[in-house]
Amino acid sequence: MPQILPLAAVQAEPRRIDEPLSAFEAEVSATLESHPESQLVIFPELHLFGDGVPDQQRTEALQEAAQPLDGRLVRELQQLAGDLKVWLVPGSICERGREGQLFNTALALSPEGKLAASYRKIFPWRPHEPYDPGDQFVTVDLDGFGRAGLSICYDAWFPEVSRQLAWMGADVIVNVVKTTTKDRAQELVLARASAITNQIFVVSVNCAGPTGRGHSLIVDPEGGVIDALDDDASGILPAQLDRAHVQKVRSHGTAGLNRMWSQFHSHEAPIELPVYQGRINPSTWDPQNHGQ
């Protein structure tokens, strides 16, 4: 049975913190009107938490706007996803933790109007961002397709994140981004490299100008670019991700050659990873089934 995920990745300018949510509701509805086949709609990092043009991510504004996951904003976003009957990743929000922390948290909202997953950015962009780091990797099962791993912007610079999400059974990494600086060019390379080294889809959605540098893209499990926006203008990337592509590449190899997930023989000695105080044990190395 085909396991295909039609999605729309929306490269758009951030919306101001004080803007009524009805404006975002209209934005999501317009996306679905132009791409009615979409079952997953993705927006950039902190899409609902802009503070002006250019957006400075002022600590005071973000602190004041932060809400708990059971607060009004998340409830209204759940209602929106349920009303439209789609999977919705509205970028990330400023989350107020139980002990007063400020987290940058990506949300995955289900077509049933539930908060299916939340992920706190593990690698804030220091020293520029005020967020407390999260400490858990997060995946979410998308009915009829497979598993998505959540990551936020600077997480993509740390290969441990994409490796862990792939190990947890992700077929696609959804990386929501708010890159306003000239290093977007390097992030495009990282997106393709993550896809290649983990044989996984990568969706990297950046915000549009004048705040962001744009250049959103969707990458297949062999590192090929399925579609991309080549500037910072607002736009939508539609795609249909086929989980069979992941399975084929992992079974037959990238370019029909490289099968990294089948590298080891069970009788071989463990490979020590002293920097992580851990090891790869060939007798238990089974990433494709881990977490299933």
Side-chain angles (χ1 to χ4, degrees), residues 2-11 31 35 37-45 87 89 139-140 142 144-177 179 183-208 212-233 235-263 287-288:
Q3 293 176 298
I4 295 175
L5 176 65
L7 64 82
V10 183
Q11 178 171 292
T31 300
H35 299 281
E37 74 286 354
S38 300
Q39 296 178 19
L40 168 64
V41 183
I42 308 166
F43 287 86
E45 177 187 15
W87 284 97
V89 177
T139 62
V140 57
L142 307 177
F145 170 70
R147 186 167 294 175
L150 302 179
S151 76
I152 302 175
C153 202
Y154 198 45
D155 287 329
W157 289 76
F158 296 83
E160 296 83 0
V161 175
S162 55
R163 175 63 85 193
Q164 181 65 38
L165 293 174
W167 180 277
M168 292 169 67
D171 303 289
V172 55
I173 293 175
V174 175
N175 180 235
V176 296
V177 181
T179 294
D183 55 346
R184 183 59 180 163
Q186 284 74 25
E187 291 178 345
L188 303 181
V189 176
L190 291 171
R192 298 186 68 182
S194 293
I196 293 168
T197 56
N198 295 292
Q199 296 178 323
I200 195 170
F201 288 105
V202 174
V203 181
S204 177
V205 188
N206 192 20
C207 61
R213 295 297 181 107
H215 290 271
S216 299
L217 79 166
I218 301 173
V219 187
D220 74 21
E222 295 183 272
V225 177
I226 296 174
D227 203 354
L229 295 171
D230 58 7
D231 56 26
D232 66 357
I236 299 174
L237 288 176
Q240 295 202 20
L241 307 187
D242 188 350
R243 190 185 186 199
H245 194 168
V246 175
Q247 297 166 334
K248 177 182 178 181
V249 172
R250 291 185 178 180
S251 295
H252 300 286
T254 299
L257 297 168
N258 303 303
R259 299 171 60 229
M260 299 87 72
W261 297 98
S262 303
Q263 175 67 25
Q288 296 185 67

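Remember, it's a predicted structure, so these values are computed and weren't measured experimentally.
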- Message: Using the rule given for side-chain contact (heavy atoms from CB on, under 4.5 Å), can you reason through I218 versus L241, listing the C-alpha separation, both sets of side-chain angles and the distance that settles it, and then say yes or no?
- Response: CA-CA 10 Å; I218 301 173; L241 307 187; 4.1 Å; yes
- Close side-chain approach of L40 and F145, heavy atoms under 4.5 Å: no
- Query: What pair of heavy atoms forms the shortest contact from S38 to A8, and how long is it?
  - Reply: OG-CB, 3.5 Å
- Would you say the side-chain atoms of R147 pair up with the backbone N or O of T139, donor to acceptor, closer than 3.5 Å? no
- Short side-chain donor-acceptor distance under 3.5 Å, E187 and T179: yes
- Message: Nearest 0.5 Å, please: how far is CD in Q247 from NE2 in H252?
- Response: 10.5 Å
- Return yes if some donor-acceptor pair links the side-chain N/O of S162 with the main-chain N/O of P159 below 3.5 Å, else return no. yes
- Hey, what do you get for CG (D242) to NZ (K248), rounding to the nearest 0.5 Å? 10.0 Å
- Task: Can you measure from CD1 (I200) to CG (D220) and round to the nearest 0.5 angstrom?
- Result: 12.0 Å
- Query: Counting N and O atoms only, with roles assigned by atom type, does the side chain of W261 sit under 3.5 Å from a partner on the main chain of N198, one being a donor and the other an acceptor?
  - Reply: yes
- Task: Any salt bridge (Lys or Arg N to Asp or Glu O under 4.0 Å) involving residues 167-176? Give me the pairs, sequence neighbours left out, ordered by first then second residue.
- Result: D171-R243
- Message: What's the separation between atom CZ in R192 and atom OG1 in T197, rounded to the nearest 0.5 Å?
- Response: 13.0 Å
- Query: Which pair of non-hydrogen atoms, one from P6 and one from E37, has the smallest distance, and what is that distance?
  - Reply: CB-O, 3.3 Å
- Query: Considering all heavy atoms of both residues, which atom of V249 and which atom of E222 are nearest to each other, and what is their separation?
  - Reply: CG2-CG, 3.5 Å
- Find the distance between CD1 (I236) and CG (D227) and round it off to the nearest 0.5 Å. 11.5 Å
- Specify the closest pair of heavy atoms between A228 and L217, including all atoms of both residues, with the distance to one decimal. CB-CB, 3.8 Å
- Item | Stepwise side-chain contact (heavy atoms from CB on, under 4.5 Å) check, R184 with V177 | CA-CA 10 Å; R184 183 59 180 163; V177 181; 3.8 Å; yes
- Item | All ring pair (Phe, Tyr, Trp, His ring centres under 6.0 Å) counterparts of F201, not counting sequence neighbours | H245
- Any chance you could lay out the side-chain contact (heavy atoms from CB on, under 4.5 Å) test for Q11 and L237, step after step, and finish with the verdict? CA-CA 8 Å; Q11 178 171 292; L237 288 176; over 6 Å; no
- Are any non-hydrogen side-chain atoms of N206 and S216 less than 4.5 angstrom apart? yes
- Message: I need the minimum non-hydrogen distance between R259 and R250, along with the two atoms involved.
- Response: NE-O, 4.0 Å
- Message: Quick check: closest heavy atoms across V176 and P44, and the distance to 0.1 Å?
- Response: CB-C, 4.0 Å
- Task: Taking the side chain as every heavy atom from C-beta outward, state whether W87 and L5 have any pair of such atoms under 4.5 Å apart.
- Result: no
- Geometric class of the F158/Y154 ring pair [parallel <30°, tilted 30-60°, perpendicular >60°]: perpendicular
- Message: As an exercise, state the distance from CG of D231 to NE2 of H215, rounded to the nearest 0.5 Å.
- Response: 6.0 Å
- Message: N175: which residues meet the side chain to side chain donor-acceptor pair (under 3.5 Å) condition with it, sequence neighbours left out?
- Response: S151
